[in-house]
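Proteins get letters first, then strands, A, B, ... in listed order; numbering begins at 1 in each.
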Number of protein chains: 2
Amino acid sequence: MTMGIRSARPPQPTLEMVAAAAGVSRATVSRVVNGSPKVRQEVVDSVNAAIEQLNYVPNRAARSLASHHTQSVALVVPEDMTKFFGDPYFAAVVQGITQRLDESDYTLNLLVASSDPRHKTMRYLRSGNVDGAIVISHHTGDDFVANLETTMPVVFGGRPTNHSGPDNYFVDVDNVAGAISGVQHLINLGRHRIGTITGPVDMPAGIDRLNGFRHALAAAGLESDAVEHADFTAAGAAAATRRLLEHSPHVDALFVASDLMAVGTMGVLAEQGRSVPGDIAVVSFDDSPAATSGPISLTTVSQPSKEMGFAMADLLLRLLAGDETVPHHNFMPTRLVFRDSA
Amino acid sequence: MTMGIRSARPPQPTLEMVAAAAGVSRATVSRVVNGSPKVRQEVVDSVNAAIEQLNYVPNRAARSLASHHTQSVALVVPEDMTKFFGDPYFAAVVQGITQRLDESDYTLNLLVASSDPRHKTMRYLRSGNVDGAIVISHHTGDDFVANLETTMPVVFGGRPTNHSGPDNYFVDVDNVAGAISGVQHLINLGRHRIGTITGPVDMPAGIDRLNGFRHALAAAGLESDAVEHADFTAAGAAAATRRLLEHSPHVDALFVASDLMAVGTMGVLAEQGRSVPGDIAVVSFDDSPAATSGPISLTTVSQPSKEMGFAMADLLLRLLAGDETVPHHNFMPTRLVFRDSA
DNA sequence: TTCAAACGTGAGAGCGCTCTCATCAATCAC
DNA sequence: GTGATTGATGAGAGCGCTCTCACGTTTGAA
């Protein structure tokens, strides 16, 4: 590794230099920096003055090496970049997480682990870069995170798939119940030929919402084979909707497993001249900004995405603080929001 | 800090342990791990076997403390979360950056530095967490990154604002020329009452595109006071469009400074019963997925966002490698893409 | 007044790695 | 065969911090 640019930079001041400037020992400066109460105010002040004057910032690597923690946590998203950026659900969750973290002195490391270098992600995680991790958008088969839990505290956003024991920590909503409430509303509206565009069936959220759909129909003595799978993207849902309409042209209502997907669905419906909610009533899931972005606002099962992010971070922070009393599961409420599409 | 959970975790194996297991010295293991050519193949193999067996992963903090580099770079976005996630432009840039980084052994740290804890972001950067930084979506007044350049190599996505010297590194497109080509197209179409929805005027991209608009008009002997400022969001653009239509109801064309904003504009136009491109022709900027997401596809000034991200990362990596010969500026080409809106 | 407790501070040993040297063996030219 | 060169390895000194102790000083109770 050539030096070039790098060595031209002025060296950062060290604890040692601050100590010398303030006329105290390293240990004392360390105490001041870490807010230890057992330093005389007078000394605290002079040390702070020295810190200020030298523009000192503690070196993370050294601190972390000595103390065995890093004051940062990872957000692992086993999803590709486009999907991650495309869905406002993630934006809300990340927002909630950072909001909680901003109150602490932890920082966030976002790892969007698209297919290729998962290996690299694991290395990163395991080489002591973070004290804990939050994993969201977790698919079956993403067991690459499984052994992560043996290394550090992990909180899942959404119930993790089977591979993990019952002692996992996670924040979720009751997707089954949420879906039931949405489909029930469709039924109450007098619709009886109800179809659904599902999420990926390798994700608990996808499976559970589909199960909720089936439960609600069964409870009403209805059934449906108008079921098409998609991938939580608008484009995927659009394609699925086309397939569904092809095979089941007579549906009068659609339960779509996410707002973003519903946007794709609405596009296809408009394109085919089906009016919403006239011809086809639509209920979706999330209540993200996508629900109100289109010409027809979506009736949707609202989940508190931002609060969920906040709760995930909060849970992790408490785990990190050694709090043994935290409950493993945190189910947050869903609520049906009535708008124009159904 | 209580121990609780943390101390329950099994300790990670160290270099020392690998050395012992392989019957060599620490130095030799270090050489193997870092791919030094001067170790006998036989020894390399036995060390690798030991690494494998112990499931060893080098400790980043220790490595970074000893070597003075971290093998990671930061992406700093002085923007709020919602804006960042909402704009597909960022998604493309980030994608390009990670693509380049995946080829290297650097990792990315995403810092979305919304208003509040900029201070925290600076601390993070300055405490030696990263070897270099990429700064995008840079506003005037974001001089909080200014002194960052004295600490580490920095590459800007988009020409930085004045505060920084001419020796900054950046990747950009010629926004003025791009805007001119777009507006010129509108003029060629025979439109003469052309308005514009601008980006933020505290951002070079906002200013330059507005300047391009003015230049193109002036060159054609036209002028316009139908200029409304927005903030690179769909909602902001929608509001701006309403204001514009109010004051200048007779415009027959609109140059909108980003695709995402054009989505907002198109919504308002549809709502007010103005046909596109019939009543009003629209040209926007970016050529992001947003350009083709609506019912009417957008004619837009295409900029190679993903490639730009790639170029930013590439530039930074070369700087980090001590390459003194890299050019400071990398202007990438724009190109007008013809679709339905104009 | 005397001794113990409490308090504030410093000395120094590590944390897990990198990297410069020194060392020793094998190779080479003459 | 001799001295010089090359090559592979190990020893050991840090990197900048934290944290345990030990130490000296102040305080308070008896």
Side-chain angles (χ1 to χ4, degrees), chain A residues 1-3 6-7 9 11-47 50-51 54-71 105 123 126-129 131, chain B residues 1-3 6-7 9 11-47 50-51 54-71 105 123 126-129 131:
Chain A
M1 185 65 50
T2 140
M3 279 295 99
R6 195 134 63 219
S7 59
R9 311 270 159 186
Q12 293 282 340
T14 70
L15 237 210
E16 188 91 46
M17 297 164 66
V18 174
V24 298
S25 72
R26 281 204 317 277
T28 298
V29 177
S30 176
R31 289 190 187 97
V32 172
V33 168
N34 294 295
S36 160
K38 41 177 68 177
V39 183
R40 261 185 314 150
Q41 188 55 45
E42 196 181 321
V43 177
V44 171
D45 292 342
S46 79
V47 169
I51 288 178
L54 293 176
N55 198 11
Y56 168 75
V57 176
N59 178 305
R60 275 279 199 126
R63 193 199 281 243
S64 138
L65 179 58
S67 69
H68 293 287
H69 58 245
T70 64
Q71 295 298 93
D105 38 37
R123 272 186 82 78
R126 287 208 38 220
S127 44
N129 277 290
D131 295 340
Chain B
M1 183 67 50
T2 138
M3 280 296 99
R6 196 131 64 218
S7 60
R9 310 271 159 185
Q12 293 283 339
T14 70
L15 237 209
E16 188 91 46
M17 295 163 69
V18 174
V24 296
S25 71
R26 282 206 314 281
T28 298
V29 177
S30 176
R31 288 188 187 98
V32 172
V33 168
N34 294 294
S36 159
K38 43 176 67 174
V39 182
R40 261 185 314 151
Q41 188 54 45
E42 195 183 321
V43 177
V44 171
D45 292 342
S46 79
V47 168
I51 289 179
L54 293 177
N55 199 11
Y56 168 75
V57 176
N59 178 305
R60 274 279 197 125
R63 193 200 281 245
S64 138
L65 179 58
S67 68
H68 293 286
H69 58 245
T70 63
Q71 297 297 90
D105 37 38
R123 273 186 80 79
R126 286 207 40 219
S127 45
N129 277 290
D131 295 340

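- With axes fitted over five pairs at each extremity, the angle between the ends of the helix from C:dT1-D:dA30 to C:dC30-D:dG1 is 30° (10° resolution).
- Residues forming a side-chain hydrogen bond (donor to acceptor under 3.5 Å, both in side chains) with A:Arg63 (at least two apart in sequence, or on another chain): A:Asn34.
- By the side chain to side chain contact (heavy atoms under 4.5 Å, CB included) test, A:Glu42 pairs with A:Arg40, sequence neighbours left out.
- Here A:Arg31 pairs with nothing under the salt bridge (Lys or Arg N to Asp or Glu O under 4.0 Å) rule; sequence neighbours left out.
- B:Arg126 pairs by the salt bridge (Lys or Arg N to Asp or Glu O under 4.0 Å) definition with nothing, not counting sequence neighbours.
- B:Ser127 and A:Pro58 get closest at one heavy-atom pair: CB-O, 3.0 Å.
- The two residues B:Tyr56 and B:Thr14 make their nearest non-hydrogen contact at CE1-C, 3.6 Å.
- A pairwise comparison of heavy atoms in A:Ala21 and A:Leu54 identifies CB-CD1, 4.2 Å as the closest pair.
- Taking each heavy atom of B:Gln71 and B:Asp105 in turn, the nearest pair found is NE2-OD1, 2.9 Å.
- Of the residues in residues 28-41 of chain A, A:Ser30, A:Arg31, A:Asn34 come within less than 4.0 Å of DNA chain D through at least one heavy atom, sorted by number.
- Positionally, the nearest nucleotide of DNA chain D for B:Ala27 lies more toward the 5' end than for the other of B:Ala27 and A:Leu65.
- Summarising the geometry of B:Asn129 relative to B:Thr70, their closest heavy-atom pair is O-OG1, 3.4 Å, with the distance given to 0.1 Å.
- With sequence neighbours left out, A:Ala19 forms a side chain to side chain contact (heavy atoms under 4.5 Å, CB included) with A:Val29.
- The side-chain hydrogen bond (donor to acceptor under 3.5 Å, both in side chains) check on A:Thr28 picks up A:Ser25, with sequence neighbours excluded.
- Annotation: proximity of residues 14-23 of chain A to DNA chain D (heavy atom, distance under 4.0 Å) is found for A:Thr14, A:Leu15, numbered in ascending order.
- Interface limits on DNA chain C: the 5'-most and 3'-most nucleotides within less than 4.0 Å of chain B heavy atoms are C:dG16 to C:dT20.
- When all heavy atoms of A:Ala61 and B:Leu65 are compared, the closest pair comes out as CB-N, 3.9 Å.
- For residues 11-21 of chain B, the pairs satisfying salt bridge (charged side-chain N to carboxylate O under 4.0 Å, His left out) are B:Glu16-B:Arg26, with sequence neighbours left out.
- Scanning residues 56-64 of chain A for heavy-atom distances under 4.0 Å to DNA chain D yields A:Tyr56, A:Pro58, A:Asn59, A:Ala62, A:Arg63.
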